[in-house]
Amino acid sequence: MSTAITHWINGQSYSGESQRTANVFDPATGKVSGVVDLASTTVVNEAAEAAQAAFVSWSQTSLAWRAQVLFAFREILNARKDEVAAAITAEHGKVLSDAFGEVTRGLEVVEFACGIPHLLKGSFSENVSTNVDSFSIRQPLGVTAIISPFNFPAMVPMWFFPLAIAAGNAVILKPSEKDPSASLLLAHMWKEAGLPDGVFNVVHGDKESVDALLTHADVKSISFVGSTPIARYVYETGTAHGKRVQALGGAKNHMVVLPDANLDLAADAAVNAGFGSAGERCMAISALVAVEPVADALIAKIVARMNSLVTGDGRRSCDMGPLVTGEHRDKVASYVQAGVDAGATIVVDGREPTVDGEPGGFWLGPTLFDHVSPDMTIYTDEIFGPVLAVLRVPTYEAALELVNSNPYGNGTAIFTNDGGAARRYQHDVEVVMVGINVSFGGWKASLFGDSHAHGMDGVHFFTRGKVITSRWLDPSHGGINLGFPQND
Ligand code: NAD
C-alpha cells in the first residue's frame, strides 16, 4: 500500500486534488512506498498567499516570543529525531545512523537560530553630526522560498528555515519530490511548537512549482541547493525577477595524498568520504589525487577496507545503503561502464554487489577506479554515487593545478605529515572548504550568489539592513541653515 503525500499549506494538509503526481520509492526494496502530489502554479499561489498573510503578523511578534517558538521546535525535534531519521532512510536509503547524523546537524542550526535576539542586534552611533544619531536595524524580507535536493531531505532545509523563521519571515519549502516525507514531519513539529499557521508551508513538486516560486511577486528570496545546471537556472531566473538568490550547486571534491601521509588515516578517510551515504553527499570525495609514489600502497589499503564494507538495507546494520532511485542507480552504473570504456583500470567493480537486502533494491556497491585521466567522464562529471577515481600525479604542483582547474570548488582535503605542505595547500587551493588530514565536503560552480548558508551570512541573507539617522530638536535648535553640514 502506498501513502498519499500532499502539501502543507496554512498549517494543514492540502485538501484539493492534484492533477500530477510522482512515485516515491523505498530504495532498499525498489517498491513504491508513496505517491506525492506535484504542485501546479495555482497551488504555489495558494501557499504564497497564506505565507504573505502570515508574514504580516509573524514579523510583528516580539523576538522573545519567536525565540520561544524556536526553543519549543528544538525540543520537539530533539525528542523525535528517530522518527525523522526513519523517514529519511525509508525514502532516501541512507543508513539510519547517517540519517540520524543529518538531523543532528540540522538541530545545530535550530540552536543557533534560538539566539535570534542577539543575532538581530543593530548598532548605534551617537552624535554622527551635532545632535544627530545614526543606528542600524535588520528587518525580515517577507515570503522566502527554499528549494532543496534529495540527498539531505532534513538537513539542507534546516540550513535555511530556522534562521528565516526566527528573523520574522514566512517560508515555503519545496523539498525534493524523491524523499518528501521528512519535510512534513518537520511541518507538524512547527505547528506543535506554536508557530502560527502559514509561517511554514511545504509544497511538493518539480520544475512547474519551482518556476512558480521563482516568478511569484510575493516571494522575496530563494535559497536553492541542488545540481549545478539547475542552480545556475534558479540563480538567473530568480535574480531576473528581482529576488535575492543564494544557489548552491554540485561538487567534485578532491582528496590529495602526499607521499609522506599516514596511509591508514588517508585510506580510512577515502573510504568514509567516498562511500558514505553511497557517495550521495555534496562533500563526498570522488577524486583521489595520489602524488607518486604513494598510489600502489594507498590503493591496497583502500581495497582492503572496501572488501569489509556491507552494502544493504539502511534499517539493518549495514555500512552503505542503496541509491535513491532505480534511474539514478542506472545512471551511476553507466558512468562506471564509461570509465571502463575510456580505459581506466577498474580495481573494485560494484555493479553486481552482494547485499544484505531485498533483490529489488537500487543497489550499486562501492567502486574504485585507478589510472583515471582528467578527460574521462568519471572525472569530469559529478557522478553522485559510490565511485572513487584515483588520479596519479608526479608532484604537489601537479596535484594543485588539477584541483584548481576543476570547475567545482566545494570541498577538498590534503593528507600529509608535512605542516609546511599543508599550510601551502590551504593558502593556494581555490576551494571553499579545506580539510587537513580530515575529509568532508563552494566556490566557483558550487555557489551562485555571494551569501553562504550558515552563521551570520544566513542572518544577513534573510534580513534587510536599514540605517536610520535621527535628530530630535532641543531648545538650542539653530533655525534654518541651507549650507552643507560642517564637521562640527
Ligand atoms: P537537482 O538539481 O536535481 O534538484 C534540486 C531541486 O531542484 C529539487 O527540489 C528538484 O525538484 C528541483 N528541480 C529539479 N529539476 C528542476 C528543473 N528542471 N527546474 C527547476 N527545478 C528543478 O538535485 P538533486 O539530484 O536533488 O540533488 C543532488 C545535487 O545537489 C548534487 O549535484 C549535489 O552536489 C547537490 N548538493 C549540493 C550541496 C552544496 O552544499 N553545494 C548540498 C547538497 C546537495
Side-chain angles (χ1 to χ4, degrees), residues 20 22 24 27 36-39 41 44 88 91-94 102 105-106 109 145-160 172-180 182-183 202-215 222-238 241 245-253 273 276-287 323-325 327-329 331-332 335 381-385 406-412 431-433 440-449 451-454 457-458:
R20 294 189 308 123
V24 177
V36 62
D37 288 344
L38 302 177
T41 304
V44 171
I88 295 170
E91 292 179 353
H92 175 285
K94 65 176 75 174
E102 158 170 3
R105 295 284 87 73
V109 185
I146 300 166
I147 300 160
S148 57
F150 80 83
N151 67 324
F152 287 113
M155 183 187 80
V156 166
M158 280 196 278
W159 282 353
F160 307 106
I172 303 174
L173 168 62
K174 207 301 287 173
S176 170
E177 64 278 30
K178 292 181 182 136
D179 42 16
S183 61
V202 179
V203 293
H204 301 291
D206 52 9
K207 182 172 166 45
E208 181 174 346
S209 54
V210 172
D211 283 342
L213 288 168
L214 293 176
T215 52
I222 305 282
S223 300
F224 172 91
V225 181
S227 57
T228 292
I230 311 286
R232 185 174 284 119
Y233 168 76
V234 164
Y235 185 77
E236 288 170 1
T237 314
H241 284 83
V245 183
Q246 53 182 351
L248 281 66
K252 191 83 197 177
N253 300 319
S277 198
E280 292 169 331
R281 284 191 190 136
C282 50
M283 61 283 208
I285 292 288
S286 49
L323 272 70
V324 66
T325 57
E327 195 187 341
H328 187 56
R329 188 267 322 274
K331 184 175 162 206
V332 176
Y335 271 111
D381 294 8
E382 182 186 32
I383 300 177
F384 224 55
N406 192 280
Y408 295 102
N410 203 35
T412 186
V431 173
V432 71
M433 285 178 282
F440 47 68
W443 282 352
K444 301 195 270 184
S446 299
L447 174 71
F448 299 92
S451 178
H452 293 274
H454 289 295
D457 266 16

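Every heavy atom of this structure was used, including side-chain atoms; hydrogens, water molecules and symmetry mates were not. Both counts, for ligands and for their atoms, begin at 1 and track the order of listing.
- Residue-level proximity to ligand 1 for E382 is carried by the side chain, the only part with a heavy atom below 4.0 angstrom.
- Every atom of ligand 1 with a heavy atom of G250 under 4.0 Å away is listed here by number and element: 32 (O), 34 (O).
- When only interatomic distances are considered, the shortest N/O to N/O separation between K207 and ligand 1 does not fall below 3.5 Å.
- Put simply, the side chain of F152 does not reach to within 4.5 Å of the side chain of M158, judged on heavy atoms.
- Within the model, atoms CG of L213 and CD of E208 stand 11.0 Å from one another, a figure rounded to the nearest 0.5 Å.
- Between F160 and V109, the closest side-chain pair of non-hydrogen atoms is not below 4.5 Å.
- When each atom of ligand 1 is checked for a heavy atom of E177 under 4.0 Å away, the hits are 10 (C), 11 (O).
- Partners of A39 under the side chain to side chain contact (heavy atoms under 4.5 Å, CB included) rule, at least two apart in sequence or in another chain, are H7, V43, V44, V203, S209.
- The pair D381-K252 does not meet the salt-bridge criterion, since no charged nitrogen lies less than 4.0 angstrom from a carboxylate oxygen.
- Residue contacts with ligand 1 for S148 involve N, CA, C or O but no side-chain atom from C-beta outward (heavy atoms, distance under 4.0 Å).
- Among N406, N253, T412, the one residue that satisfies the side-chain contact (heavy atoms from CB on, under 4.5 Å) test with V431 is T412.
- Nearest residue to atom 13 (N) of ligand 1 from I147, V225, I230 is I230 (criterion: closest heavy atom).
- With a 4.5 Å cut-off on side-chain heavy atoms, P175 and V202 count as touching.
- Two rings, from F384 and Y335, have their centers 6.0 Å or more apart.
- If you check each of V210, I383, D211 against atom 20 (C) of ligand 1, the one with the closest non-hydrogen atom is V210.
- The heavy atom nearest to atom 10 (C) of ligand 1, considering only H204, K252, K174, R281, is found in K174.
- Looking at D179, its side chain never comes within 3.5 Å of a backbone N or O of P153 through a donor-acceptor pair.
- Nearest-residue assignment for atom 41 (N) of ligand 1 (options C282, G249, A251, S176; heavy-atom criterion): G249.
- Residue contacts with ligand 1: N151 is placed with no nitrogen or oxygen under 3.5 Å of a nitrogen or oxygen of the ligand (distance criterion only).
- Of the polar atoms of F150, at least one N or O is found under 3.5 Å from an N or O of ligand 1, judged by distance alone.
- At a heavy-atom cutoff of 4.0 Å, ligand 1 is contacted by no atom of Y408, backbone or side chain.
- Proximity to G205 (heavy-atom distance under 4.0 Å) selects the following atoms of ligand 1: 11 (O).
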